[in-house]
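One structure is given below, encoded as structure tokens.
In what follows, chains carry the letters A, B, and so on, assigned in the order in which the sequence lines appear, proteins first and then strands, with residues in each chain numbered from 1.
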Protein chains: 2
Amino acid sequence: MEAKRATIKDVAEAAGVGVATVSRVLSGGSASPRTRERVLAVAAQLDYRPSALGRNLRQRRTGGIGLLVPDLTDTFFGQLAEGVLACARSAGEPVVLGSTGDDPEREAELVGMLLEQSVDRVIAVPSGGADTWTPVTRAGMTVVFAARLPAEPAADDDHGVTADLMLLDGVAPPSAGRAADVSAVSAVPAVLADDGAGVRTAVRYLRGLGHRRIAFLGGPGHDRRVAAFREAVGPPVDEELVVFATGSRDSAYAAASGLFQSRPDLTAVLAAGNVLGEAAVLAARELDLRVPRDVSLVMYDDVPWAELCSPPLTVIAQPGRDIGYRAAELVLRGGRRTRSVVLPTELIVRGSCGPRRQPY
Amino acid sequence: MEAKRATIKDVAEAAGVGVATVSRVLSGGSASPRTRERVLAVAAQLDYRPSALGRNLRQRRTGGIGLLVPDLTDTFFGQLAEGVLACARSAGEPVVLGSTGDDPEREAELVGMLLEQSVDRVIAVPSGGADTWTPVTRAGMTVVFAARLPAEPAADDDHGVTADLMLLDGVAPPSAGRAADVSAVSAVPAVLADDGAGVRTAVRYLRGLGHRRIAFLGGPGHDRRVAAFREAVGPPVDEELVVFATGSRDSAYAAASGLFQSRPDLTAVLAAGNVLGEAAVLAARELDLRVPRDVSLVMYDDVPWAELCSPPLTVIAQPGRDIGYRAAELVLRGGRRTRSVVLPTELIVRGSCGPRRQPY
DNA sequence: CGCTTCCATGGAATCGATTCCATCATGCTT
DNA sequence: AAGCATGATGGAATCGATTCCATGGAAGCG
């Protein structure tokens with residue numbers, strides 16, 4: 001009843017050949033048509049499937065790619081994961097999944113788990129910084145970052161931020177002070193959305209509508225977006241209008257609500273992720289602010305429900321699925337010397353932005 | 001530079017002991033405090049991590065649990081996956097993910113992949129029927145179904161449906177005709193939401209508001225929900241008001257739009273999943289039907305954006321995360337003789353349902 | 001006809017862990 | 001003091017595949 005799976009030895013015996021021959025036949029090596037046929041027949045009859053364990057152990061090459069995302073409840077990461085899965089499936093590779101919750105510690109723990117599983121190719125939406133990821137790449141793992149880059153160590157001035165932006169555009173950052181670690185990580189290929197352009201376009205759009213006091217509502221991993229925002233609106237940047245939440249929905253709501261209450265003079269908000277956008281809509285409604293009459297809203301991520309809101313949300317769309325798919329392609333190609341990929345974003349204008357209401 | 005990982009042999013040599021001793025120390029066997037200390041020190045210094053490959057091969061027991069969901073883009077499955085991941089993480093087990101797209105063929109292919117990986121514990125939101133899953137359980141895999149049961153073969157009358165409903169309520173179905181296959185699959189433990197109660201409550205609620213022509217908008221895997229719906233509204237059941245879409249968003253939209261257009265006399269819709277609810281809102285808006293004035297809407301799944309719609313959507317909430325977590329617990333316990341779990345649903349009344357407008 | 005070449009083939013080593021079993025030292029009992 | 005029990009320890013087998021290498025037979029060529 002408990003039929004244990006057939007091994008290569010069983011097949012060899014049943015076919016009256018040696019295990020080496022079976023292995024050769026199944027992996028396309030040379031064999032006489034006669035034996036090949038017989039081996040294939042026996043293998044089919046026994047429903048033989050080679051064990052990935054044995055193969056991987058011998059070849060010291062692991063199958064499988066690891067996927068680390070912050071939160072699968074966030075539709076964007078769901079899209080990204082679907083992209084990775086699609087590519088992996090067509091390559092016949094299994095995907096080992098981990099959810100980091102935007103917690104660098106959990107991320108490191110999950111990386112360790114992948115290492116134990118001998119998964120040596122990873123696609124990560126990183127939460128930790130270079131201190132997490134440099135050792136990983138040095139340990140021989142093939143890493144591809146998706147949608148984000150690891151946070152850089154806090155910069156004294158905003159020079160670091162500038163360097164980050166330049167990196168985004170494909171230009172190598174000037175070899176600055178703390179080059180050692182950063183360079184190891186920035187050599188890692190990445191698949192990113194063009195956050196610079198996305199944010200710039202959105203800010204320009206809001207400006208065109210007359211908005212001057214535009215707030216930024218960010219979360220973990222939105223460093224590049226806030227940097228682009230600062231560049232686009234300033235200087236001077238009204239720092240009170242730049243607020244950050246942690247990953248949770250509660251925190252996002254608190255941040256949004258706090259923002260609206262502490263600065264009733266703001267007229268537009270750029271939410272750097274769909275969870276934040278959701279929170280902004282909720283908070284605005286709670287405070288009886290009408291969108292877009294009282295406050296205009298642009299949200300990152302073109303999630304399906306953006307269209308369902310009333311008014312439908314104007315969004316910065318980034319191709320989540322494509323990001324995942326391309327990242328999987330890169331990690332499967334595995335070349336160290338693969339260049340990063342930046343995919344375009346698109347501002348999709350719906351109904352959540354209006355002209356600035358004149359103060360009276 | 002390409003430091004390959006340390007093996008148990010390296011540790012043994014460095015510590016001046018045999019490999020058996022190292023293994024014993026690391027897996028809690030007996031060893032003298034003196035050597036234990038030395039081995040641990042060396043292991044730490046070499047950053048040694050036992051390879052799961054070697055261990056699993058030897059023990060013929062695989063680590064890891066497989067997770068098969070239809071679509072990670074659907075927030076509900078994202079929640080479910082997060083639940084599974086949370087439980088797996090606390091047990092230190094890796095999770096291998098597959099997305100079936102509600103395609104039984106793809107599902108079967110993914111199961112084969114898991115088999116090759118020697119993953120013998122699976123949590124599945126099944127797309128295929130008993131013909132897919134019976135062989136799997138017979139092959140010795142520990143399977144737990146989540147959120148759904150495999151479709152039963154089409155019944156001649158609605159007797160099969162009734163049996164299914166009774167199973168849902170924890171009562172064994174009467175040993176009917178085609179018992180062989182079905183029983184093998186229905187012996188598989190499952191973690192389900194109480195769809196019967198959820199749908200019943202929703203229908204009763206709509207009836208209480210005066211609605212008589214209530215439509216059901218379903219998708220793949222909603223057999224139990226439609227059965228409960230039929231039972232709750234009928235007989236007689238107006239079959240034109242029961243429509244099904246395939247998994248895609250386009251198909252859902254087409255089904256919803258077709259429904260509204262072909263039967264303008266309907267006054268309420270029960271959408272059996274959040275993607276379908278989304279489609280219903282969209283289609284209604286496109287056809288200038290006001291919710292809830294012209295048509296009332298109840299949606300399955302309390303996704304975060306349900307509150308963002310205007311009006312906010314009345315939903316049947318099912319605890320996606322809990323379903324995943326409990327399913328993971330069951331599959332880890334691994335007992336054949338585990339009973340299924342049915343978790344409660346809750347009708348959350350918001351603003352998408354109103355009294356039936358009197359025809360004039 | 002004899003030699004070389006080439007191909008099919010099977011035995012055995014290997015990957016990294018666990019675990020059975022034999023060995024040896026130590027301490028305790030009678 | 002001798003024998004026995006106990007516990008620490010290392011060697012070797014094992015898991016299921018791949019792959020190196022040796023062997024043997026057939027075919028080709030001078």
Side-chain angles (χ1 to χ4, degrees), chain A residues 3-40 42-43 46-64 92 94 113-120 139-140, chain B residues 3-40 42-43 46-64 92 94 113 115-120 140:
Chain A
K4 50 190 82 92
R5 295 202 8 225
T7 73
I8 196 173
K9 214 172 150 191
D10 300 327
V11 177
E13 275 176 25
V17 298
V19 290
T21 305
V22 176
S23 174
R24 245 176 266 121
V25 167
L26 264 48
S27 49
S30 71
S32 76
R34 181 137 166 48
T35 53
R36 146 165 290 128
E37 194 185 348
R38 195 173 31 173
V39 168
L40 288 178
V42 170
L46 266 67
D47 190 31
Y48 168 70
R49 286 162 185 285
S51 151
L53 252 54
R55 176 186 308 129
N56 291 341
L57 178 57
R58 169 63 215 238
Q59 303 191 158
R60 242 109 73 73
R61 176 196 62 88
T62 175
M113 191 256 281
L114 292 177
L115 219 67
E116 252 179 50
Q117 299 297 321
S118 303
V119 173
D120 61 359
Chain B
K4 52 189 80 93
R5 289 187 28 210
T7 73
I8 197 174
K9 213 171 149 191
D10 300 329
V11 177
E13 275 176 25
V17 297
V19 289
T21 305
V22 176
S23 175
R24 244 176 267 123
V25 168
L26 264 47
S27 49
S30 72
S32 77
R34 179 134 168 48
T35 54
R36 146 163 289 126
E37 193 186 352
R38 195 175 29 177
V39 167
L40 287 178
V42 170
L46 266 66
D47 191 32
Y48 167 70
R49 286 164 186 285
S51 152
L53 252 54
R55 175 186 311 131
N56 290 340
L57 178 57
R58 169 64 216 241
Q59 303 193 157
R60 241 110 74 72
R61 178 195 60 90
T62 173
M113 191 257 279
L115 219 66
E116 254 179 49
Q117 299 297 319
S118 302
V119 173
D120 61 359

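Applying the side-chain contact (heavy atoms from CB on, under 4.5 Å) rule to B:Ala15 yields the partners B:Val17, B:Val39, B:Val42; only residues at least two apart in sequence or on another chain are considered.
Within 4.0 Å of B:Arg36, counting heavy atoms only, lies no atom of the nucleic acid at all. At a threshold of 4.0 angstrom between heavy atoms, the contacts of A:Arg49 are confined to the sugar-phosphate backbone, with no base atom among them. Counting any heavy atom pair closer than 4.0 Å across all strands shown, B:Thr35 reaches sugar-phosphate atoms only and no base atom. Using a 4.0 Å heavy-atom distance criterion, B:Leu53 is classed as making no nucleic acid contact.
The structure places CZ of A:Arg5 at 10.0 Å from OG1 of A:Thr7, a figure rounded to the nearest 0.5 Å.
In the helix from C:dC1-D:dG30 to C:dT30-D:dA1, the terminal helix axes, each the rotation mapping four pairs' C1' atoms onto the next four within five end pairs, subtend 50°, rounded to 10°.
With a heavy-atom cut-off of 4.0 Å to chain B, the contacted part of DNA chain D has its first and last nucleotide at D:dA8 to D:dG16.
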Original post:
Can you give one letter per nucleotide of nucleotides 21-28 of chain C, going 5' to 3': B for a protein heavy atom under 4.0 Å from the base, S for sugar-phosphate only, - for none?
Top reply: --------

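Contacts between residues 16-23 of chain B and DNA chain C, defined by a heavy-atom separation below 4.0 Å, involve B:Ala20, B:Ser23, listed by number.
Scanning all heavy atoms of the two residues, the minimum distance from B:Val119 to B:Gly64 falls at CG1-O, 3.9 Å. A pairwise comparison of heavy atoms in A:Arg36 and A:Ala31 identifies NH1-O, 3.7 Å as the closest pair.
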List the atom pairs, with distances to 0.1 Å, where a side-chain N or O of residues 20-30 of chain A and a protein N or O form a donor-acceptor pair under 3.5 Å, not counting sequence neighbours.
{"unit_1": "A:Ser27", "atom_1": "OG", "unit_2": "A:Ser23", "atom_2": "O", "d": "2.6"}

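Heavy-atom nearest nucleotides on DNA chain D were determined for B:Arg58 and for B:Ala31, and the one closer to the 5' end corresponds to B:Ala31.
Summarising the local packing, CD of B:Gln59 is surrounded by more than 12 heavy atoms from other residues, nucleotides or ligands at distances under 6.0 Å.
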